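Here the structure is laid out as structure tokens; the discussion comes afterwards.
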Amino acid sequence: MGTIQKNLGLKHKYMAYTTAAGALAAYPKRIPSGAVAQKELDGVGQKIGLKIQEILDTGKLKKLDQYNSDPKIVTLNLLCRVTGVGPAAARKWIDSGVKTIEDLKKEKLNHHQEIGVKYFEDFEKRIPRSEMQEIKNIVKTSISQLDQLITVKICGSYRRGSESSGDVDVLITHPKFTNEKKEQKDTFDLIKRIVDRLEKIKFLTDHLANGTQQYMGVCKIPKEGAIARRIDIKLFPKESFYTALLHFTGSGEHNRQLSCIAINKGFKLSEFSITPVGSTGVEGAPIPVQSEKEIYDILGIPFRKPSE
DNA sequence: CCGACAGCGCATCCGC
DNA sequence: GCGGATGCGG
DNA sequence: GTCGG
């Protein structure tokens with residue numbers, strides 16, 4: 001239900017379904033009824049409570065079956081799997097008769113969508129940890145040849161120790177790239193130089209977005225039969241690096257927990273900084289941190305490695 | 001009853 | 001050509 | 001869709 005709401009353009013309903021599902025999954029006991037679910041679980045209200053009851057009673061959900069038997073919804077869900085295609089573009093094409101990915105190839109697409117269609121199958125394949133390690137080696141080696149001072153971290157589920165990942169999330173920083181010198185970022189142009197280099201060795205094959213702070217593109221291990229992978233490279237000023245590292249290592253659930261703890265203890269934690277928040281709600285200057293552990297220390301909770 | 005639900009970088013579109 | 005709005009992604 | 005002001 002959540003995915004459908006998202007593809008319809010109702011992203012907050014999507015969030016509502018996602019949190020409700022998360023609460024349900026995290027609940028240690030069996031839920032005997034929709035009413036109990038609504039009472040016990042944060043994020044489950046009347047409507048979802050009734051849906052839970054229906055599933056308990058009948059084993060299915062009428063509303064969901066209705067959606068799944070609606071050809072427009074089925075096509076919507078298909079088209080939205082293409083990266084670069086969202087609710088607005090999908091709706092437009094469905095109205096003009098597009099039904100399949102093959103149909104989509106004949107439409108006028110922007111660059112991002114062209115790449116999305118080109119690698120449609122590849123992008124849905126998981127990346128085994130062994131391949132992530134190969135990718136990490138290529139990226140690290142190549143970047144260190146460019147400038148030894150650049151710090152490179154592969155984040156996401158890989159950093160948490162997962163046996164497979166959905167994409168490659170690379171975080172970088174440089175001691176000379178600070179908030180103060182950020183204004184010169186266009187001349188500094190670290191990302192562009194890195195992208196050039198990785199392109200030259202045939203690692204990056206296509207680009208989706210190529211800015212001064214953020215790159216999104218496609219990479220392949222340069223060997224026969226390799227699968228195309230989505231890769232992001234993000235540059236953070238050194239003051240923000242460890243909060244960013246924490247944030248992009250996740251998980252999303254872990255981020256929400258930390259954020260909640262931070263608020264309770266009078267801080268605000270984001271990917272950019274950790275700041276004190278006074279009782280009046282006024283936000284203070286960011287607290288400098290030089291490791292992830294220091295952030296845990298500030299929050300007064302024991303440090304847990306990403307893999308925990 | 002009604003707004004928040006994160007905020008932002010990049011590509012592209014739109015109006016001028 | 002330019003500034004702002006929109007779509008999209010993570 | 002859910003929560004909270």
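Side-chain atoms are counted along with the backbone in the values below, which use heavy atoms only and exclude waters and symmetry mates. All figures in this text were calculated on a predicted structure; none of them were measured in a lab. Chain identifiers are assigned alphabetically (A, B, ...) following the order of the sequence lines, protein sequences preceding nucleic acid strands; residue numbering begins at 1 within each chain.
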Need one value for [X]: base, sugar-phosphate or nothing, where a base atom within 4.0 Å counts as base even if backbone is also close, heavy atoms only.
X         : value
Tyr17(A)  : sugar-phosphate
Ala16(A)  : base
Leu208(A) : sugar-phosphate
Arg230(A) : sugar-phosphate
Ser270(A) : nothing
Ala89(A)  : sugar-phosphate

Sequence neighbours excluded, which residues qualify as side chain to side chain contact (heavy atoms under 4.5 Å, CB included) partners of Asn7(A)?
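Thr3(A), Leu76(A), Asn77(A), Cys80(A).
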Results of side chain to side chain contact (heavy atoms under 4.5 Å, CB included) for Asn264(A) - residues two or more places apart only:
Cys260(A)
Using whole Å, what does the distance between atom [atom2] of nucleotide [N] and atom [atom1] of [X] come to?
X         : N       : atom1 : atom2 : answer
His247(A) : dG9(B)  : NE2   : P     : 13 Å
Glu114(A) : dT12(B) : CD    : P     : 11 Å
Tyr215(A) : dA11(B) : OH    : P     : 11 Å
Arg256(A) : dC5(B)  : CZ    : C1'   : 12 Å
Glu271(A) : dG9(B)  : CD    : C1'   : 10 Å
His111(A) : dC13(B) : NE2   : C1'   : 17 Å
Tyr14(A)  : dC5(B)  : OH    : P     : 17 Å
His12(A)  : dC5(B)  : NE2   : C1'   : 5 Å

With a 4.0 Å cut-off on N to O distance, would you call Asp297(A) and Lys293(A) a salt bridge?
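Salt bridge present between Asp297(A) and Lys293(A).
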Given Val168(A), Asp232(A), Leu246(A), Leu171(A), the one that forms side chain to side chain contact (heavy atoms under 4.5 Å, CB included) with Cys155(A):
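For Cys155(A), the side chain to side chain contact (heavy atoms under 4.5 Å, CB included) test succeeds with only one of Val168(A), Asp232(A), Leu246(A), Leu171(A), which is Leu171(A).
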Could you pull out all donor-acceptor pairs under 3.5 Å where a side-chain atom in residues 138-146 of chain A meets a protein atom, sequence neighbours excluded?
unit_1: Lys140(A); atom_1: NZ; unit_2: Val152(A); atom_2: O; d: 3.1
unit_1: Thr141(A); atom_1: OG1; unit_2: Asn137(A); atom_2: O; d: 2.6
unit_1: Ser142(A); atom_1: OG; unit_2: Arg197(A); atom_2: NE; d: 3.4
unit_1: Ser144(A); atom_1: OG; unit_2: Lys140(A); atom_2: O; d: 3.3
unit_1: Ser144(A); atom_1: OG; unit_2: Thr141(A); atom_2: O; d: 3.0
unit_1: Gln145(A); atom_1: OE1; unit_2: Arg197(A); atom_2: NH2; d: 2.7

Taking atom P in both dG9(B) and dG1(D), compute the distance separating them and give it to the nearest angstrom.
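These two P atoms come out 33 Å apart once rounded.
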Whole-Å P distance, dA4(B) and dC8(B)
15 Å
From dC10(B), dT12(B), dC8(C), nucleotide with atom closest to Asn110(A) side chain:
dT12(B)
Students should find this one: the first and last nucleotides of DNA chain D, 5' to 3', lying under 4.0 Å from a heavy atom of chain A. What are they?
dG1(D) to dC3(D)
Which hydrophobic side chains are connected to Leu208(A), either touching it within the sub-4.5 Å cutoff or through other members that do?
Ile115(A), Tyr119(A), Phe123(A), Met216(A), Val218(A)
Any residue of residues 45-53 of chain A with a heavy atom less than 4.0 Å from an atom of DNA chain D
Gly45(A), Gln46(A), Lys47(A), Ile48(A), Lys51(A)
Of His112(A) and Met216(A), whose nearest nucleotide on DNA chain B comes first from the 5' end?
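The residue mapped nearer the 5' terminus is Met216(A).
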Taking for Ala209(A) and for Lys108(A) the nucleotide of DNA chain B with the nearest heavy atom, the one nearer the 5' end belongs to Ala209(A)
Show me the donor-acceptor pairs within less than 3.5 Å that the side chains of residues 39-57 of chain A make with the rest of the protein, sequence neighbours left out.
unit_1: Gln53(A); atom_1: OE1; unit_2: Gly34(A); atom_2: N; d: 2.7
unit_1: Gln53(A); atom_1: NE2; unit_2: Asp57(A); atom_2: OD1; d: 3.1
unit_1: Gln53(A); atom_1: NE2; unit_2: Asp57(A); atom_2: OD2; d: 3.4
unit_1: Glu54(A); atom_1: OE2; unit_2: Lys62(A); atom_2: N; d: 2.8

With sequence neighbours excluded, what pairs up with His12(A) under the ring pair (Phe, Tyr, Trp, His ring centres under 6.0 Å) test?
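His12(A) satisfies ring pair (Phe, Tyr, Trp, His ring centres under 6.0 Å) with no other residue.
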Donor-acceptor list for residues 16-27 of chain A side chains, cut-off 3.5 Å, not counting sequence neighbours:
unit_1: Thr18(A); atom_1: OG1; unit_2: Tyr14(A); atom_2: O; d: 2.7
unit_1: Thr19(A); atom_1: OG1; unit_2: Met15(A); atom_2: O; d: 3.0
unit_1: Thr19(A); atom_1: OG1; unit_2: Ala16(A); atom_2: O; d: 3.0

Are side-chain heavy atoms of Gln213(A) and Phe236(A) found at a separation under 4.5 Å?
no
